[in-house]
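Accompanying notes for the structure given below.
Because only heavy atoms are used, hydrogens play no part in the values below, and waters and symmetry mates are left out as well, while side chains stay in. Lettering of chains follows the sequences in order, A, B, ..., and the numbering in each one begins at 1. Here the structure is a predicted model, which means the values were calculated and not measured.
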Amino acid sequence: MHLTITLHGRYKTLAGSSQLKITIPDNATIWHVIDTFIHQYPEVAKDKSRMMVTKNHSYVSPDTPIHKTDSISIAPPLVSGG
Amino acid sequence: MMNNRFIRQLTVPEFGENGQKILESNHVGIIGCGGLGSHLADFFVRMGVQTLTIIDDDCVELSNLHRTALYTEKDIGTPKTTTLSKHLLAINPRLKIHAHTTRLTAPNTEQLLASCNIILDGTDNIPTRYLVNELSVKHHIPWVYAGVYSTIGMILAIIPASGPCFSCVHPTLSQPSETNIPVIGHLPAAVAAIQCSEALKILLGTLSPKLIIYNLWTQQIDHLDIQKNPDCPICCKQQFSYLKK
């Protein structure tokens, strides 16, 4: 399926746009979205286990299945310095 | 004298006399007195907070001075809480300040913070934020998360009754392995200023919380709308595992 995902923070800067069109399998999970994003932008691979991904505005785990009508966004991990 | 002191912010329409009264009547808690916490304390006391709790177990170090407010070279080696208190009392001698030179832990969290009306995050680690989040949900106390890295700051106001809690956004304990993370010197002041605005809007009842991602270098600001997780163990199921440790 084709999906347009929304990018936030430095991911948006990296892609040069807040929207990214990707193609993933019909039975995809959030993992497919993350892996496709990393494939296009390998420099974000270090964030893989901590990326903040939302589906329809709620945080979801990477195992969550997705459908072509879902609204998916990816943001960098929360930062912790004080 | 007091009217003269705040005259320039009393005329700000978003804040006004009502905002000033609300600010002066609420007890603000700040956890951590480093880059974020020292600026938060400075802002809130200058703006008129009358009752403040600050918590930190560290001493001032030379490597803190590039990003903190108020501390000087003479303060190196002194406890941040006592030194910050001294500077804050010089700004307002009538301030009621509760300064605790201790680490926030499960046994002392409720004792130190349950009387606050709002809590500001100036800590530097995720486990402490889980602790504060559980206290916030259990006692219905709003708090404002913030973190900094390099030139980027993230801020999220948490109003437990109506919006997502910290665990809705960050459900698993995963921290960057980096120590001595990079932070450009003027970033904590900018992020603390945004945090301060979010806190004021919570107190005034005018905030719709969103996760804010701010890049101080590029001046890009991004707002991420996140809803409550219906399966959240903290805010939906009231399971307070960090407070019980």
- Item | Heavy-atom proximity to chain B below 4.5 Å, by part of A/Pro77 | backbone

- Structural part of B/Ile213 lying under 4.5 Å from a heavy atom of chain A: side chain

- Message: Under a 4.5 Å cutoff for heavy-atom pairs, which residue among B/Lys228, B/Gln220, B/Arg129 has the most contacts with chain A?
- Response: B/Arg129

- Query: About how many Å separate OG1 of B/Thr151 and CZ of A/Arg10, when rounded to the nearest 0.5 Å?
  - Reply: 10.0 Å

- Part of B/Leu211 within contact of chain A (heavy atom distance under 4.5 Å): side chain

- Query: What residue, out of B/Thr68, B/Thr123, B/Thr218, has the most heavy-atom pairs lying under 4.5 Å from chain A?
  - Reply: B/Thr123

- Note on the structure: Cut-off 4.5 Å, heavy atoms of chain A, and the answer for B/Val169 is both

- Message: Would you say that B/Leu224 contacts A/Ser73 through its side chain, given a criterion of any heavy-atom pair below 4.5 Å between the two side chains?
- Response: yes

- Item | Pairwise side-chain contact, B/Met154 with A/Pro76, heavy-atom cut-off 4.5 Å (strictly under) | yes

- Which atoms of A/Asn56 approach chain B - backbone, side chain, both or neither, heavy atom under 4.5 Å: backbone

- Item | CD/A/Gln19: more than 12 non-hydrogen atoms of other groups inside 6.0 Å | yes

- In terms of heavy-atom proximity below 4.5 Å to chain A, should B/Ala192 be classed as side chain, backbone, both, or neither? neither

- Item | Intermediate values then yes/no, side-chain contact (heavy atoms from CB on, under 4.5 Å), A/Ser80 and B/Ile126 | CA-CA 6 Å; A/Ser80 64; B/Ile126 299 293; 4.0 Å; yes

- Pick one of side chain, backbone, both or neither for B/Asn215, based on which atoms fall under 4.5 Å of a heavy atom in chain A. neither

- Task: Identify the two heavy atoms, one from B/His223 and one from A/His8, that lie closest to each other, and give their separation to 0.1 Å.
- Result: O-CE1, 3.9 Å

- Item | B/Phe166 side, atom CZ; A/Leu78 side, atom CG - distance, nearest 0.5 Å | 5.5 Å

- Message: Nearest 0.5 Å, please: how far is OG1 in A/Thr13 from CG in B/Asp222?
- Response: 8.5 Å

- Option that, when pairs with chain A are counted at under 4.5 Å, heavy atom only, ranks first among B/Gly32, B/Cys168, B/Gly122: B/Cys168

- Message: Please classify the contact of B/Tyr214 with chain A as side chain, backbone, both or neither, using a heavy-atom distance under 4.5 Å.
- Response: neither

- Message: For A/Lys12, which atoms come within 4.5 Å of any heavy atom of chain B: side chain, backbone, both, or neither?
- Response: side chain

- Note on the structure: Between A/His57 and B/Asp225 the two heavy atoms that sit nearest each other are ND1-O, 3.4 Å

- Message: Testing the basics here: between B/Pro171 and A/Tyr59, what is the closest heavy-atom pair and its distance to 0.1 Å?
- Response: CG-CE2, 3.1 Å

